[in-house]
Chemist: 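Just dropping this structure here.
Hydrogens, waters and symmetry mates are skipped; everything else that's a heavy atom, side chains included, is used. Residue numbering restarts at 1 for every chain, and letters A, B, ... go by the order of the sequence lines.
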Amino acid sequence: MNIAATLKSDITPEGSDYETVRKVIEMITEDYRHQPSLDDVAMRLGQSPTQLQKTFTRWAGLSPKAFLQAVTLDHAKRLLRQESMPLLETSFEVGLSGPGRLHDLFVTHEAMSPGEWKARGAGLTIRYGYHVSPFGLALVMATDRGLAGLAFADDSDEEACLADMTCRWPNAVYVHDQEATAAYALRIFDSARWNPQQPLRIVLIGSDFQIRVWEALLRIPMGRAVTYSDIAGQVGQPTASRAVGAAVGRNPLSFVVPCHRALGKGGALTGYHWGLTRKRAMLGWEAGRA
DNA sequence: AGCCGTCTCTTCT
DNA sequence: AGAAGAGACGGCT
């Protein structure tokens, strides 16, 4: 089955552009010594340069050239340097729903530890659906208390993507329900619908440590970034950056909990559960909107 | 080389 | 079963 094809671009106009954009990003970053020109890329994709330029700019909000600039080491370092201290000190109440656009997708969350999850969550129903997003096909999962999972699938590995998510909460009952998740998708990926008055409700399910790390991520505003060790310090375990990395990598709410804004100390992108290209894409996409 | 949370496997109650 | 401990293993520094 090809879900992506049946969905068309039901979310945002940029949604259907991602496949193209992804290839472009891959080509121009994979070997930056031999960075291909836009013409080369266009030719390899079988498109005209002007058409490609247009597609890319519509998606990114930046020209390919500007985009490339926005995902270089240099720029990453700048994101890190913007005085990050104040934002990390902000308390939750203020941080998440207060003034001052912290996370631009305003979010309220409740946390569920594995214990609680076991007690209350066994048999809890999770509805899921696939939706076109600016970052490829998105798998959206929700309980009746809010958004619980967000993952991405590249061409037709929806199965693997679903498995990746369901094995995290093996006790839940899963129901494929496109209609239940459509509204979430619509709202998450369309920045015009981000609204502090009606924050998005999310449910965080994980260990204490993981929750603390994810909460820290939620406080990084759009267009900024922090290092793993920053987060370690913030959760009160300054030497635990390695462990932080692991916890960040287990984030079940990709994009919504902005784990793509966590970088290595030198500004390198290190890893990303859903592919480094996607991390790059998110950072660049945000740069075009910040 | 160290740091530290998770996961897995083992052992002990 | 369930608790407790040993070892291995990372989106690090």
Chemist: Compare side-chain N and O positions of A:Gln237 against OP1 and OP2 of B:dC3 and report whether any pair is under 4.0 Å apart.
Modeler: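 No, A:Gln237 has no side-chain N/O under 4.0 Å of OP1/OP2 on B:dC3.
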Chemist: Without decimals, in angstroms, what is the distance between A:Asp208 CG and B:dC4 P?
Modeler: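 For the pair A:Asp208 CG and B:dC4 P, the rounded distance is 18 Å.
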Chemist: Phosphate oxygens OP1/OP2 of C:dT13: is one of them under 4.0 Å from a side-chain N or O of A:Ser229?
Modeler: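 Yes, within the criterion.
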Chemist: Quick one: which of B:dC3, B:dT6, C:dT13 gets closest to the side chain of A:Arg242?
Modeler: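 Nearest nucleotide to the side chain: B:dC3.
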Chemist: NA contact type, A:Ala240, heavy-atom cut-off 4.0 Å: base, sugar-phosphate, or nothing?
Modeler: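 Sugar-phosphate contact only - A:Ala240 comes under 4.0 Å of backbone atoms but never of a base.
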Chemist: Return whichever of A:Arg250 or A:Thr239 has its heavy-atom-nearest nucleotide of DNA chain B closer to the 5' end.
Modeler: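 Its nucleotide being nearer the 5' end, the pick is A:Thr239.
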Chemist: Look through every strand shown and name the nucleotide pairing with C:dG10 as Watson-Crick or G-U wobble, where both distances are under 3.5 Å.
Modeler: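 Base partner found: B:dC4.
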Chemist: Rounded to the Å, how far apart are A:Lys265 NZ and C:dG11 P?
Modeler: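 Result: 19 Å.
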Chemist: Rounded to whole angstroms, how far apart are CZ on A:Arg168 and P on B:dT6?
Modeler: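 Distance, rounded to whole Å: 14 Å.
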Chemist: Centroid separation under 6.0 Å, is that true for the rings of A:Phe135 and A:Trp285?
Modeler: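 Centroid separation for A:Trp285 and A:Phe135: below 6.0 Å.
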Chemist: Should the heavy atoms of other residues, nucleotides or ligands under 6.0 Å from CD of A:Gln51 be counted, would the total exceed 12?
Modeler: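 Atom CD in A:Gln51 is crowded, with more than 12 foreign heavy atoms closer than 6.0 Å.
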Chemist: Between A:Glu179 and A:Arg127 (salt bridge meaning N to carboxylate O under 4.0 Å), is one present in this structure?
Modeler: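 Salt bridge flag = no for A:Arg127 with A:Glu179.
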Chemist: For A:Trp214 and B:dT6, what is the distance between atoms CH2 and C1' respectively, to the nearest whole Å?
Modeler: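 Taking CH2 of A:Trp214 and C1' of B:dT6, I get 12 Å after rounding.
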Chemist: Expressed in angstrom and rounded to an integer, what is the separation of A:Gln210 atom CD from B:dC4 atom C1'?
Modeler: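 Spelled out: CD on A:Gln210 to C1' on B:dC4 is 13 Å.
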Chemist: Mapping A:Ala243 and A:Thr227 to their closest nucleotides on DNA chain C, which lands nearer the 5' end?
Modeler: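 First, find each residue's nearest nucleotide; the 5'-ward one identifies A:Ala243.
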Chemist: Separation of A:Phe209 atom CZ from C:dG10 atom P, in whole Å?
Modeler: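 So the two atoms are 17 Å apart, to the nearest Å.
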Chemist: Would you please name every residue forming a side chain to side chain contact (heavy atoms under 4.5 Å, CB included) with A:Gln53, sequence neighbours left out?
Modeler: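 Side chain to side chain contact (heavy atoms under 4.5 Å, CB included) check on A:Gln53 returns A:Leu38, A:Thr57, A:Ser63, A:Pro64.
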Chemist: Using a cut-off of 4.0 Å on non-hydrogen atoms, how would the nucleic acid contact of A:Gly249 be classed: base, sugar-phosphate, or nothing?
Modeler: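 Base: the residue A:Gly249, judged by heavy atoms under 4.0 Å, touches a nucleobase.
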Chemist: Any idea how A:His176 and A:Tyr128 line up, ring-wise: parallel (<30°), tilted (30 to 60°), or perpendicular (>60°)?
Modeler: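 Rings of A:His176 and A:Tyr128: parallel, as their planes differ by under 30°.
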Chemist: Base, sugar-phosphate alone, or nothing: which one does A:Tyr228 contact when heavy atoms must sit under 4.0 Å apart?
Modeler: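 Base contact.
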Chemist: Over how many whole Å does the gap from A:Ile231 atom CD1 to B:dC3 atom C1' extend?
Modeler: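 In whole Å, B:dC3 C1' lies 16 Å from A:Ile231 CD1.
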